[in-house]
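Here, residue 1 is the first one in the sequence, and each next residue gets the next number.
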Amino acid sequence: MRSRLNIGLFGFGVVGTGLYEVLNKSKLLEARITKIVVKDPTKKRGLPAEAFLYDKDAILKDDSINVVVELINDSEAAYAIVLEALKNGKHVVSANKKLIAEHLEELIATAKENNVSFLYEAAVGGSIPIIRNLEEYYNNDSLSSVQGIVNGTTNYILTQSNHGVAYEEALAKAQELGFAEIDPTLDVDGFDSKYKLVLLIKHAFGLVVEPKDVFNYGIRNIKPQDVKYAGEKGYRIKLFSRAEKLGNDIVGFVAPHFVKSDHFAYQVDNEFNAVVVEALFSDKQLFIGKGAGSYPTASAVLSDISALQFDYQYEYRKSIGNENVNFQDDFYLKAYVGSQFIEAINTIPFYRVDEVYQSETYNYQTGWVRFEDVKELDLNQLPDLSFIVLPDAFVAANQPEKLKSERIQYLTEFEL
Ligand code: HSE
C-alpha cells in the first residue's frame, strides 16, 4: 500500500532547490514538502522568505511530518538532525556522504530500532542508482570488485586539464556549476570519494570500514608534466575509488589512476561519474551518469522518496556471514611517481623499477610499490610529489614472485 508522504526538508541549496523543482514536476508521487528549514535568514533564495523556517524542531517535533529529507552542508549539524529524526520515528533521506560514512553503524542501528527507513542513494554517484542495485540486483551474485569515478568536481578538473585549462580555473568553474563541496578540499584531496567508497564497500561486501582507515589521495598535486606523460602513453588520469577482493579479504583506497583508451573510464568526462561492478555470474557491468549538480542529485533523492511510498528499506544482506572477511592493506601495486626533485621520488620505496626518467626540470619512476608504505604517507600534503596508479592488477603480498622481497636501492641523480 502507498503511504502518503509529508516531507520536512532541511536545506535549500543546490540539491534542495533541485528537489523542490523536480518534486513539483513529478506528478506521480504522493508526496509534498510541507516545511523547509534553513540556517541563514539573510540569504536570498528562489522562494519568498515566508517559505522558510529556521528552527529544526519545526520539522523534528511535527508529528504530521513522516519523512525528513536532509540536504544541508554542515555534516555535524546534519548528524544531529538525522539521528533525532530517526529516533522520532521519521524516515530519513540524506545525500550527506560524510555524515553517513562517519556514523554508518549507529545510523543503521537507530533506523532499525525505530522501524524506519534510512535511504541515501544520492550520496554516491549522484544520479547513478548504484546503492539500490548493490542492495537488490546483486543480492545473490558474489561481487569481486566495485570501482570507479564517484566525484564530479575532480573529474571535471581532470577533463579540463586535458584541454589545457589550469587547475584553479577549472576548480572555480566546478564551484560555480554547483559540483564542488563548500570546502573543495574534500573533493580535490579525495575525501568525498572516500566517504562514497565506504558506502560502496558496505553495500557491495557487507563491511563497515571507518573512513580514517581508508587511504585517500586526490588530484591537487598532479602537474602538467604528469598530464603530458599520460598523453604520450595514450592514458588519461582519473580519480578512482576502488574496492576489490584480494583472496578472502577486501582492499580499497582512493587515488589517481592512469587509464588506457579501452578502459571504461577513459571517455567519462566532466561531472559524469562511472562505476563498474564485477560479479561472479554477471561479470562486468558499467553504470554511467551525472555525479553532481542540482537535478541529477535531486533525481536520486526523488527516487528514495518514491521508494518510501512502498516502505522500502535497505537490508544489508551482504553483511550476513562475512565475519572472516577483513579490510587489509598488504599488497603491491604498480605506480608512477613524479617530481621535480629526486629526493621526493625516493620518499616511496620501490620493489621493482620498470622505467626511470630524469631531466633538469622533471623526473619520474614507474614500478611496483607496497601499498602499506604508501598509506603511511600523507601524500596530499606532499605538493612536490605525484603518485598515480598504473593500469595493472594488484599483487597480494603473499605472492610477490615477480617482485623483489626487499625494497630496491634509492634512485640517484645521474650526471646530465
Ligand atoms: N562534490 C561532489 C562531487 C558532489 O563533486 O561529486 C556530489 O556528491
Side-chain angles (χ1 to χ4, degrees), residues 101 104-105 124-125 128 130-150 190 193-217 238-260 263-265 273-287 314-335 351 368-375 389-403:
L104 188 56
E105 265 187 305
V124 185
I128 301 176
I130 188 65
I131 301 288
R132 197 93 62 85
N133 272 292
L134 289 172
E135 274 289 297
E136 305 298 326
Y137 183 86
Y138 295 101
N139 189 33
N140 298 306
D141 201 349
S142 174
L143 299 186
S144 53
S145 88
V146 177
Q147 56 178 298
I149 301 164
V150 291
S193 298
K194 166 166 84 172
Y195 301 135
K196 292 165 176 170
L197 183 63
V198 165
L199 303 186
L200 289 174
I201 289 172
K202 176 65 181 169
H203 288 273
F205 302 112
L207 279 189
V208 173
V209 186
E210 297 281 332
K212 67 174 173 42
D213 296 330
V214 182
F215 174 82
N216 60 290
Y217 174 50
K238 297 288 173 186
L239 184 64
F240 261 48
S241 293
R242 190 165 173 183
E244 57 191 80
K245 261 199 166 142
L246 199 61
N248 249 344
D249 293 331
I250 305 297
V251 301
F253 64 95
V254 175
H257 284 56
F258 288 118
V259 296
K260 295 182 189 166
H263 192 277
F264 74 85
N273 283 191
V275 179
V276 160
V277 177
E278 275 188 72
L280 190 60
F281 305 125
S282 49
D283 211 314
K284 277 191 194 178
Q285 289 183 306
L286 171 61
F287 298 78
Y314 300 144
E315 292 188 34
Y316 301 98
R317 275 174 274 186
K318 307 271 183 3
S319 305
I320 301 164
N322 70 346
E323 293 75 19
N324 298 324
V325 180
N326 297 306
F327 188 69
Q328 62 116 323
D329 298 319
D330 200 7
F331 63 97
Y332 295 86
L333 51 82
K334 195 170 170 188
Y351 290 79
W368 288 83
V369 299
R370 193 167 189 155
F371 183 69
E372 278 189 333
D373 296 334
V374 178
K375 197 176 175 183
V389 179
L390 281 156
D392 285 71
F394 301 153
V395 177
N398 58 3
Q399 42 173 252
E401 60 281 347
K402 64 188 201 180
L403 311 176

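By the 4.5 Å heavy-atom criterion applied to side chains, Phe253 and Val389 are counted as neighbours. Inter-residue side-chain proximity for Leu143 and Val277 is flagged as met; some heavy-atom pair is nearer than 4.5 Å. For the pair Val374 and Phe215, the minimum side-chain heavy-atom distance is below 4.5 Å. The shortest distance between side-chain heavy atoms of Phe205 and Asn322 does not fall below 4.5 Å. Looking at heavy atoms from C-beta onward, Val198 lies in side-chain contact with Val214 at the 4.5 angstrom threshold. Between Leu207 and Lys318 there is no side-chain heavy-atom pair separated by less than 4.5 Å.
Ser241 contributes a side-chain N or O that, together with a main-chain N or O of Ser193, makes up a donor-acceptor pair within less than 3.5 Å. Judged purely by atom type and a 3.5 angstrom limit, Glu315 has no side-chain atom pairing as donor or acceptor with the backbone of Glu135. Asp249 contributes a side-chain N or O that, together with a main-chain N or O of Asn326, makes up a donor-acceptor pair within less than 3.5 Å.
Atoms CD and OH, from Gln285 and Tyr137 in turn, are 5.0 Å apart once rounded to the nearest 0.5 Å. Rounded to the nearest 0.5 Å, atoms CD1 (Ile131) and CG (Leu200) are 5.5 Å apart. Going from atom OH of Tyr314 over to atom CG of Leu134 covers 10.0 Å, rounded to the nearest 0.5 Å. Summarising the geometry, atom OG belonging to Ser144 is positioned 11.5 Å from atom CG belonging to Leu246; distances are rounded to the nearest 0.5 Å. A distance of 4.0 Å separates CG of Asp330 from CD of Glu372, quoted to the nearest 0.5 Å. In this structure, Asn273 CG and Ile130 CD1 are separated by 11.0 Å, a value rounded to the nearest 0.5 Å.
Ring orientation note: the planes of Phe264 and Phe240 are tilted relative to one another, at an angle of 30° to 60°. Taking the six-membered ring where tryptophan is involved, the planes of His203 and Tyr316 are tilted, since the angle between them lies from 30° to 60°.
Taking every heavy atom of both residues into account, Leu239 and Ala255 meet most closely at CD1-C, 3.5 Å. Heavy-atom minimum distance, Glu278 versus Lys284: CG-CG, 3.3 Å. Across Ala101 and Tyr195, no two heavy atoms sit closer than the pair CB-O, 3.7 Å. Scanning both residues, Ile201 and Ala243, for their nearest heavy atoms gives CG1-CB, 3.7 Å. Closest heavy-atom contact between Asn216 and Lys194: OD1-NZ, 2.9 Å. Of all non-hydrogen atoms in Ile128 and Ala274, the two that sit nearest each other are CD1-N, 4.1 Å.
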From CA spacing to verdict: side-chain contact (heavy atoms from CB on, under 4.5 Å), Leu197, Gln147: CA-CA 8 Å; Leu197 183 63; Gln147 56 178 298; over 6 Å; no
Step-by-step side-chain contact (heavy atoms from CB on, under 4.5 Å) determination, Val146 to Tyr138: CA-CA 12 Å; Val146 177; Tyr138 295 101; over 6 Å; no
Intermediate values then yes/no, side-chain contact (heavy atoms from CB on, under 4.5 Å), Ile250 and Val209: CA-CA 10 Å; Ile250 305 297; Val209 186; over 6 Å; no
Worked check of side-chain contact (heavy atoms from CB on, under 4.5 Å) between Asn248 and Asn324: CA-CA 8 Å; Asn248 249 344; Asn324 298 324; 5.9 Å; no
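Between the side chains of Ser319 and Lys202, at least one donor N or O sits under 3.5 Å from an acceptor N or O.
Checked against His257 for a side-chain hydrogen bond (donor to acceptor under 3.5 Å, both in side chains), the options Lys238, Arg242, His263 give a single hit: Arg242.
A salt bridge is absent between Lys212 and Glu210; no separation between the charged side-chain nitrogens and carboxylate oxygens falls under 4.0 Å.
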